[in-house]
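Right, I'll just put the structure down here and ask away after.
Just so it is clear, the values below take in all heavy atoms, side chains as well, and ignore hydrogens, waters and symmetry mates. Ligands are counted one by one from 1 in listed order, and the atoms in each one are counted from 1 as well. One is the number of the first residue; the rest follow in order along the sequence.
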Amino acid sequence: MNNQSIGVFDSGVGGLSILLEIQKLLPHETTLFVADQAYVPYGGKTKVQLLDRVTRILDFFEEKEVKAVVAACNTATVYTIDEMRERFKFPIIGTVPVIKTIASLTKSGKTAVFSTPATAKSEYLQDLIKKFAHGVEVDCIGGSNLEELVENGEVNSPETIKTLKRILEPLIEDGVDAIALGCTHYPFLRDQIQEIVGSNVSVVDSGGAVARRLKEVLSHEKMLADTKKTDVYYTTGEAEKFNKVASLLLGNKIEGLKINL
Ligand code: DGL
């Protein structure tokens, strides 16, 4: 038994989609969430820049004596998780696109991963595809301003719908029938995405898999909690903006604290 908190981080509010799954599956756990909004988006950053940001966040979590960390960000995971696991003692659970799932769901043999530009061009993603998508085509789509639109709470704006249509319609015309959401901001656009691609196309995110993996690790290490304390939210950006958008996305009032990292 271990009632210390779990650190969860992302470049911004996208990581809240993973946090929701963790809170659902592990209701006794307490979480500390960091949105690194002073440095969002991560999707256009280099490995060196990402290593610097993630190290600062994990140093902060270490000071807070967390028992485990979840990188609720595909971009941070694919570029930094190996180095972070070497550097820090606590278990680190990453978030990656669910390639195995889309490969098992497709009937047409054509699938897509929809992510940030950095994740789309990463070697890590290519390795996952080689390992888990035998005989299946995987189109890696990166590059849009959707993260920014979600950061502004614009999940239903005309610009968001227009951008989604521009990206998704050609995939559907091409016969893609299974899409992995490879950025944690996108599950907040799930209804809009499903509406555009239609009900015959599977749209899957990584939230459930990350929460299950976290439970497995905590259980194996005998670190599951039995008493929940208050969840805490931090942003390196503006607290007022974070509170407004996080409250909108989570559907309850969030009061985050500003930190400098
Ligand atoms: N939410 C992040 C991810 O899963 C990154 C978004 C961004 O900052 O570009 O990759």
Residues with a heavy atom under 4.0 Å from ligand 1, by chain and number, are Asp10, Ser11, Val40, Pro41, Tyr42, Gly43, Cys73, Asn74, Thr75, Thr116, Glu147, Cys183, Thr184, His185

Could you work out, with side-chain contact (heavy atoms from CB on, under 4.5 Å) as the rule, every residue matching Glu255, not counting sequence neighbours?
Lys253

Can you list the residues that meet the side chain to side chain donor-acceptor pair (under 3.5 Å) rule with Arg87, with sequence neighbours excluded?
none

CG (Leu218) and CG (Leu224) are apart, to the nearest 0.5 Å, by 5.0 Å

In short, salt bridge (charged side-chain N to carboxylate O under 4.0 Å, His left out) pairs touching residues 157-176 with sequence neighbours left out are Lys110-Asp174

Test side-chain contact (heavy atoms from CB on, under 4.5 Å), reference Tyr233, set Leu32, Leu257, Leu250, Val8, output is Leu250

Salt-bridge criterion met for Asp177 and Lys107 (N-O under 4.0 Å)
no

